[in-house]
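Hydrogens, waters and symmetry mates play no part in the numbers below; they use all other heavy atoms, side chains included.
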Amino acid sequence: MTETRPSVRIAGLARSRAKAGGWMLGGSMVALAMMMTSVARADYRESLSVLRLGVVESYVAAANPLKLEAVQSAFATALGIPVEIIKLGSYAALIDAHASGRVGYAIHSARSYAAADAACGCVRAFRSPVAADGSTGFRAVLVVRDSVNAPVSALTVGYSHEGSVSGWQLPDQAIKAGSLERPQMVRAGSVASVVELYQTGEIDGFFAWLPDIPGNAGSDLGQLFGGWNQTSISAADPLRVVWSSQKIPYGPHAVHRSLPDDLVAVLGTFLDDMASSAPGLLDAFEPVYGGGYVTPGPEDYRNVRGLVEALPDETSAGSLR
């Protein structure tokens, strides 16, 4: 669903944590379950017989049946009610299942959440993942050769493909809004091809993305594409940022508004404590990000709403970058 995977540093952190903890998933679940027993028995247990959690089949945590079963068991133990993890074939199917209430809790991409919200107004994001580098989202950027001083309209700029949020859709949105001049666009087909075009001097710059880290200016060009392929990028001419989009947060964990508030509160506590109380469980459940969770603000996903109309197909609804 993304053009490039997040920084290999994220995967490295997950591996090192796994080595340190020996992937003691069972122990992590027990520890977290013991912590959750202090939560007072809530009324939702009397009104809700099962919680259905929806994920797409491409969600990394869904690939290993044993880990998925362990995650499901940990949620059920913490909540005190049965939990079913439902795997759906696409983000379009996830949007439909969540908007219709067939799943009460779903793990979305930013755009699939915005699409579900637009479809029914009946979902709300209650937690967003944090990456291992501390980022809570990303920004699309236009980077150009530092030696080039021409206006953007005179530049030749590469992008990967039209399904890319950072490479095409956010820039296109900005161009249409008049906040970015339209350069001469060159479709490369992939991020690797974009970098190759830049190395050979065929383009003046390219659209990319940078992690958005709270308190950081977000201008560390060593983190272009999340740090991917930095050897090739840094071997070419130096770059500078000439345009940046607003922040797009990582896809949220969201609930249907029909779920009881006390259940959502327990879910939030469960996720908040996972990084410290059950890191093995976090690695199994959130292997891509692995930095824990934050509570999103009510308008955090406002910047994504304009992209919903641009969805070219159901697969791209899951595209993060």
Salt bridge check: are [X] and [Y] linked by an N-O gap of less than 4.0 Å?
X	Y	value
Asp283	Lys67	no
Lys87	Glu57	no
Arg124	Asp117	no
Arg139	Asp220	no

Next on the checklist: Out of the candidates Ile86, Val83, Ile85, only one should pair with Arg52 under the side-chain contact (heavy atoms from CB on, under 4.5 Å) rule; please name it.
Outcome noted: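 Going through Ile86, Val83, Ile85 one by one, the side-chain contact (heavy atoms from CB on, under 4.5 Å) with Arg52 is satisfied by Ile86 alone.
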
State, to 0.1 Å, how close [X] and [Y] come at their nearest heavy-atom pair, and which atoms those are.
X	Y	answer
Val144	Leu155	CG1-CD1, 3.6 Å
Trp209	Val141	N-CG2, 4.2 Å
Ala78	Val266	O-CG1, 4.2 Å

Next on the checklist: Centroid separation under 6.0 Å, is that true for the rings of Phe285 and His253?
Outcome noted: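 Yes: the rings meet the under 6.0 Å criterion.
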
Item to check | side chain to side chain donor-acceptor pair (under 3.5 Å) between Ser109 and Tyr250, worked out | outcome: CA-CA 7 Å; Ser109 73; Tyr250 296 138; over 6 Å; no

Side-chain ([X]) to main-chain ([Y]) donor-acceptor, under 3.5 angstrom:
X	Y	value
Arg240	Arg145	yes
Tyr44	Leu79	yes
Ser245	Ala140	yes
Tyr159	Ala188	no
Thr77	Ser73	yes
Asp262	Asp43	yes
Ser193	Gly189	no
Arg111	Gly251	no
Asp212	Lys247	no
Ser179	Ala174	yes

Checklist entry - How long is the span from the OG atom in Ser100 to the CD1 atom in Ile95, to the nearest 0.5 Å? => result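 The distance works out to 11.5 Å.
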
Checklist entry - How are the rings of Phe206 and Phe225 set to each other: parallel, tilted or perpendicular (split at 30° and 60°)? => result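 Geometry flag for Phe225 against Phe206: parallel rings.
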
